[in-house]
Trainee: 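Right, I'll just put the structure down here and ask away after.
When a residue number appears, it is its place in the shown sequence, counting from 1. These numbers come from the heavy atoms of this one structure, side chains and all, not from hydrogens, waters or symmetry mates.
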Amino acid sequence: MLKWANKNPGILLAVLLAITFFVADGIHVINYPPKSIHQWRQSDCWAYARTYFEKSNGLFSPSTFNLAGIDGKVASEFPILYYIAGNLFHITGVHYAILRGLTFLCYLLGIYYLYKCLRIWIKDSLLVVFPLIIMATSPFYFYYALNFLPNVPAISFSFAGLYYFLCYEQTSERRRLVAGTLFFVLATLLKPTDGSLTWLAYMGVAGVKTLQGKVSRKMLMRFIIASVLITASIYGWYKYVSWYNDKNENHQNLLSIYPIWMMIQHDIDYVFNERIFGFWSVVYHQKIILYFLGLTFLIYVFRWAVMDRFLRLYTIFLIVGALVYDVLWFTAFSDHDYYQLINVIPCVFIIASVIEWYHRRIVPRLPKVVLYGIGLLLVALSAIGIRQNRNIMHDRYTQDMYVYKTPYIYEVEPYLRELGITRKDIIVSVPDPSPNITLAAYGNRGYSESFNDDNYDIRLFKKKGADFLIINDTAYLRKPLYQPYMKKLMGVYKNTIYIYDMR
């Protein structure tokens, strides 16, 4: 078995990823609508994809179901994944699995390219799989890999960019440089923060190696030109998004930093103690694995001098870059675990650095019985990671604390069509403080309670052409604001969702 695995590390990795997927009930999760934690952000992503399908807009004209601003047009990250999904819907029909599946394919692509990167340094076919599985089974990394958000795809494409930059450094083949540049452009357009770290860290190493005479100035200049193109793409998209949102009078998306200095000390302590080391800690990984990561970090620090020269330098640039990022977006850590995904990158390279050192310097000195024992320990940690990921996925998709809206909102669309409400009809959907959760679920453009005030509520929405009111909470049936629009009841779905004709 060991001989087979040693000769077929790629197949072994694929088998472990398949086990991870099926054990975590991925076969069912891939078909889920936006649900569980961050249903709000998931629904925004889904809204982009479905409105591409509904309106057949071009790539550079993204919009959502919420009609805030002009015709719901609003932009944030580069919407290529939503655009592809929207066009696939014309072939497959509208299915949640299409967009979830696209992000998961990106996750697999990233692991593949990271594997190719690590093989440059870790020659043992079995050991190279370990850091990959630890990353792949990190519960919050897996959760967003099989989700609607662009963070994991951005990180994944950055691994591809890193691989091709490494290949160019070794071969001087320009096509490798072009491929790496294009992957980094795509990664940073999807998410400038998550997609930039591997590229910037590599440029840091390239600069140091040039000073040491190990990279030619000509090659460094080409890397700098590539970096200028990457930076220009980021800046160009940012300027386009700013112009597009200004033009459409819609500024619901965050386009700036969210730094720690915006917080008071009490809130900083809360994020550290209650969120990072409390609520979020179990979704990073199982405690035993986190302790193991701490141990590998100590080994990395104290055995720095004998680590692989590239890995030790690259990893320190990753750590510094991640720390800078953490300071600039720390306020978001209170409620958003996906803002912390970038920290997976330095963690996996810390483990990889130690594994490379272990194989090169320690393995030759140890008797086989000890090596087998350490091998079994790594297998056990991998199994613990797979189990922890399964447990967190189960919790996130089954516990009541993660249910923010009645699941019936995802069932009611056929009933709305039976009542004569077409996809082109404008609705008001309450209660819903988010821009798109219920609107995207119903498949109708319109208005929610997002951004509402005394001058922006159902009274204005009616004047703007909203014809139907949909209430998904019976407590709202007694709200004075909505009662004048509840004269004509069209239907009730499962005693929960009430549909009114406001015409």
Side-chain angles (χ1 to χ4, degrees), residues 1-24 107-108 110-139 141-142 159 163 284-312 314-315 344-392:
M1 180 64 181
L2 285 176
K3 289 183 179 179
W4 175 88
N6 201 46
K7 291 181 179 179
N8 301 278
I11 297 176
L12 173 63
L13 178 60
V15 169
L16 291 174
L17 291 174
I19 292 172
T20 300
F21 177 80
F22 285 106
V23 166
Y107 159 84
L108 295 176
I111 292 173
Y112 168 74
Y113 273 108
L114 183 58
Y115 165 78
K116 290 173 74 69
C117 289
L118 297 186
R119 284 291 283 168
I120 296 173
W121 302 286
I122 303 175
K123 304 305 180 182
D124 186 279
S125 298
L126 295 178
L127 289 177
V128 74
V129 172
F130 177 71
L132 298 169
I133 289 300
I134 293 301
M135 184 189 77
T137 59
S138 171
Y141 194 76
F142 183 89
F159 289 147
Y163 171 72
Y284 303 146
H285 238 314
Q286 211 273 349
K287 284 186 177 181
I288 293 175
I289 294 178
L290 294 178
Y291 291 143
F292 175 81
L293 178 60
L295 175 62
T296 59
F297 178 71
L298 291 176
I299 294 173
Y300 169 80
V301 171
F302 288 106
R303 304 303 295 167
W304 162 270
V306 292
M307 293 283 170
D308 176 86
R309 291 180 178 179
F310 179 91
L311 282 177
R312 72 185 183 190
Y314 186 67
T315 301
V344 167
I345 303 174
C347 289
V348 74
F349 274 92
I350 289 171
I351 296 174
S353 299
V354 172
I355 289 291
E356 188 281 333
W357 162 81
Y358 163 75
H359 180 255
R360 177 170 47 86
R361 298 292 294 263
I362 305 302
V363 166
R365 305 176 185 177
L366 297 179
K368 284 189 176 181
V369 65
V370 176
L371 292 176
Y372 283 134
I374 294 174
L376 288 174
L377 173 63
L378 298 183
V379 170
L381 289 172
S382 299
I384 289 170
I386 292 173
R387 185 174 184 273
Q388 176 73 357
N389 181 59
R390 180 203 66 182
N391 293 342
I392 297 300

Trainee: Please name the residue in the list L127, D124, T296 that meets the side-chain contact (heavy atoms from CB on, under 4.5 Å) test with I355.
Mentor: L127
Trainee: How many angstroms lie between atom CG of L114 and atom CG of L132, to the nearest 0.5 angstrom?
Mentor: 5.0 Å
Trainee: With rounding to the nearest 0.5 angstrom, report the OG1 to CG distance, T137 to L16.
Mentor: 9.5 Å
Trainee: Could you list the donor-acceptor pairs under 3.5 angstrom formed by side chains in residues 297-308, with sequence neighbours left out?
Mentor:
unit_1, atom_1, unit_2, atom_2, d
Y300, OH, R312, O, 2.6
Y300, OH, I316, N, 3.2
D308, OD2, F310, N, 3.1
D308, OD2, L311, N, 2.9

Trainee: Can you run down the side chain to side chain donor-acceptor pair (under 3.5 Å) pairs that involve residues 344-357, sequence neighbours left out, and say none if there aren't any?
Mentor: T315-S353, E356-R360
Trainee: Could you check whether any side-chain N or O of S138 sits under 3.5 Å from a backbone N or O of Y284, counting only pairs where one atom can act as donor and the other as acceptor?
Mentor: yes
Trainee: Would you name the heavy atoms of M135 and V344 that are closest together and state the gap between them?
Mentor: CG-CG1, 3.3 Å
Trainee: State which residues pass salt bridge (charged side-chain N to carboxylate O under 4.0 Å, His left out) with R361; sequence neighbours excluded, sorted by chain then number.
Mentor: none
Trainee: What's the spacing between L13 CG and L108 CG if we round to 0.5 Å?
Mentor: 9.0 Å
Trainee: Kindly compute the distance separating CG (L377) from CD1 (I384), expressed to the nearest 0.5 Å.
Mentor: 8.0 Å
Trainee: Do L371 and V363 make a side-chain contact, defined as non-hydrogen atoms from C-beta onward lying under 4.5 Å apart?
Mentor: yes
Trainee: Working to the nearest 0.5 Å, report the span between CG of L378 and CD1 of I351.
Mentor: 10.0 Å
Trainee: For Y107 and F142, take the angle between the two ring planes, folded into 0 to 90°, and tell me which bin it lands in: parallel under 30, tilted 30 to 60, perpendicular over 60.
Mentor: perpendicular
Trainee: Rounded at 0.5 Å granularity, tell me how far OH in Y291 sits from NE2 in H285.
Mentor: 15.0 Å
Trainee: Under the rule for ring pair (Phe, Tyr, Trp, His ring centres under 6.0 Å), what residues qualify as partners of F292, not counting sequence neighbours?
Mentor: F130
Trainee: Is there a side-chain contact between N389 and Y141, using heavy atoms and a 4.5 Å cut-off?
Mentor: no
Trainee: Would you please name every residue forming a side chain to side chain contact (heavy atoms under 4.5 Å, CB included) with V370, sequence neighbours left out?
Mentor: L366, P367, I374
Trainee: Do side-chain atoms of H359 reach the backbone of K123 as a donor and acceptor pair under 3.5 angstrom?
Mentor: no
Trainee: Can you list the residues that meet the side chain to side chain contact (heavy atoms under 4.5 Å, CB included) rule with V128, with sequence neighbours excluded?
Mentor: Y115, L118, R119, I122
Trainee: Nearest heavy-atom pair of A136 and L17: which atoms, and what distance?
Mentor: CB-CD2, 3.6 Å
Trainee: Return the minimal non-hydrogen interatomic distance between C347 and L293, and the atom names on each side.
Mentor: SG-CD2, 3.5 Å
Trainee: Minimum heavy-atom separation for P139 to Q388, with atom names?
Mentor: CG-CG, 3.9 Å
